[in-house]
*Asks:* 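Quick one: the structure is below, questions incoming.
All values below were derived from every heavy atom in this structure, side-chain atoms included, with hydrogens, water molecules and symmetry-related copies excluded. Index from 1, following the sequence.
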Amino acid sequence: MTTRSCPCGLTGPYEKCCGRYHAGAAVPSAEALMRSRYSAFVRQDAGYLLRTWHPRTRPARLDLDPQLRWTGLEILGTADGSAFHTTGTVTFRASYRGGSLHERSRFERVDGAWAYVDGDFLA
């Protein structure tokens, strides 16, 4: 069996990194949730993305573009979002073939679990 590295950019195989969150393990921080959501976009896992979206802002459905090829994630900054916080932000740049997405995402805990609330696109 070939072990693939995790799309989120951390060292180690997908199964021991974001794959464990996709399989249901608790996500320990806002940054870890951001990374796991990026990996879910790479893997076209709309179910995980919807499950980790805050109920207040979650869309009814999510249609992912199967032609979009994500090529890398760079975490530019974090504020709060640890085990000691109820909210946090993660600023990141996600690259895809032909461009990049620069966003400051907001996260909140819902029943103890981190959830993506929304984000602001940055220049």
Side-chain angles (χ1 to χ4, degrees):
M1 177 175 136
T2 307
T3 305
R4 292 177 288 157
S5 61
C6 193
C8 81
L10 295 177
T11 58
Y14 164 77
E15 293 78 14
K16 293 185 186 235
C17 193
C18 293
R20 63 190 163 148
Y21 305 134
H22 294 174
V27 182
S29 68
E31 180 180 340
L33 182 61
M34 173 63 242
R35 288 180 178 280
S36 70
R37 285 177 57 83
Y38 172 81
S39 291
F41 274 105
V42 170
R43 297 174 64 85
Q44 298 278 304
D45 187 346
Y48 180 79
L49 293 165
L50 290 169
R51 282 192 309 280
T52 58
W53 214 308
H54 196 290
R56 186 175 70 239
T57 57
R58 180 187 306 133
R61 58 182 277 183
L62 187 60
D63 296 318
L64 300 176
D65 180 354
Q67 301 304 312
L68 188 60
R69 296 290 177 249
W70 295 99
T71 58
L73 176 65
E74 180 183 7
I75 302 296
L76 303 172
T78 62
D80 299 332
S82 77
F84 304 104
H85 301 106
T86 57
T87 63
T89 61
V90 178
T91 304
F92 68 92
R93 180 172 289 111
S95 300
Y96 55 88
R97 196 173 298 148
S100 68
L101 168 71
H102 187 192
E103 181 177 308
R104 181 175 301 112
S105 295
R106 283 179 283 283
F107 299 87
E108 289 180 12
R109 287 188 185 268
V110 176
D111 297 328
W114 284 106
Y116 169 77
V117 177
D118 60 18
D120 296 321
F121 294 113
L122 305 172

*Asks:* Rounded to the nearest 0.5 Å, how far apart are OG1 of Thr78 and NE2 of His85?
*Replies:*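 Going from the OG1 atom of Thr78 to the NE2 atom of His85 covers 9.5 Å.
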*Asks:* Are Val117 and Phe107 side-chain neighbours, meaning at least one heavy-atom pair lies under 4.5 Å?
*Replies:*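 No, side chains not in contact.
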*Asks:* So if you build clusters from Ile, Leu, Val, Met, Phe, Trp, Tyr with side-chain heavy-atom gaps below 4.5 Å, do Val110 and Leu50 land together?
*Replies:* no
*Asks:* With Arg61, which residues qualify under side-chain hydrogen bond (donor to acceptor under 3.5 Å, both in side chains), at least two apart?
*Replies:* Asp63
*Asks:* Are Phe92 and Trp53 linked, directly or through intermediate hydrophobic residues, by side-chain heavy-atom contacts shorter than 4.5 Å (ILVMFWY only)?
*Replies:* yes
*Asks:* If hydrophobic clusters are built from ILVMFWY residues whose side chains come within less than 4.5 Å, do Trp70 and Tyr14 share one?
*Replies:*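 No; Tyr14 is not reachable from Trp70 via cluster members.
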*Asks:* Provide the full list of side chain to side chain donor-acceptor pair (under 3.5 Å) pairs with a residue in residues 106-123, sequence neighbours left out, each pair given once.
*Replies:*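 Non-adjacent pairs meeting side chain to side chain donor-acceptor pair (under 3.5 Å): His54-Glu108, Arg56-Glu108, Glu103-Tyr116, Arg106-Asp118, Arg106-Asp120.
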*Asks:* Would you compute the distance between atom CD of Glu74 and atom CZ of Arg93 and round it to the nearest 0.5 angstrom?
*Replies:*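 Separation between the atoms: 6.0 Å.
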*Asks:* Who are the side-chain contact (heavy atoms from CB on, under 4.5 Å) partners of Thr71, not counting sequence neighbours?
*Replies:*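 Only Ser95 meet the side-chain contact (heavy atoms from CB on, under 4.5 Å) criterion with Thr71.
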*Asks:* Grouping I, L, V, M, F, W and Y whenever their side-chain heavy atoms are under 4.5 Å apart, do Tyr96 and Ile75 come out in a common cluster?
*Replies:*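 Linked, Tyr96 and Ile75 end up in one cluster.
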*Asks:* List the residues meeting side-chain contact (heavy atoms from CB on, under 4.5 Å) with Arg104, not counting sequence neighbours, and say none if there are none.
*Replies:*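 Listed in chain order: Thr89, Thr91, Leu122.
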*Asks:* Name all residues meeting the side-chain contact (heavy atoms from CB on, under 4.5 Å) criterion together with Thr86; count only those two or more places apart in sequence or in a different chain, and write none if there are none.
*Replies:* none
*Asks:* Enumerate the residue pairs fulfilling side chain to side chain donor-acceptor pair (under 3.5 Å) with a member in residues 24-40, sequence neighbours excluded, ordered by first and then second residue.
*Replies:* Glu31-Arg35, Ser36-Tyr48, Arg37-Thr52
*Asks:* Determine, using the 4.5 Å side-chain heavy-atom cutoff (strictly less than), whether Val42 and Leu64 are members of one ILVMFWY cluster.
*Replies:* yes
*Asks:* Just verifying a value: how many Å separate Cys18 SG and Leu10 CG, rounded to the nearest 0.5 Å?
*Replies:*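 Answer for the SG-CG pair, Cys18 versus Leu10, is 7.0 Å.
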*Asks:* Hey, does Ser105 have a side-chain heavy atom less than 4.5 Å from the side chain of Met34?
*Replies:* yes
*Asks:* Would you say the side-chain atoms of Arg43 pair up with the backbone N or O of Ala40, donor to acceptor, closer than 3.5 Å?
*Replies:*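 Here the side-chain-to-backbone pair does not exist.
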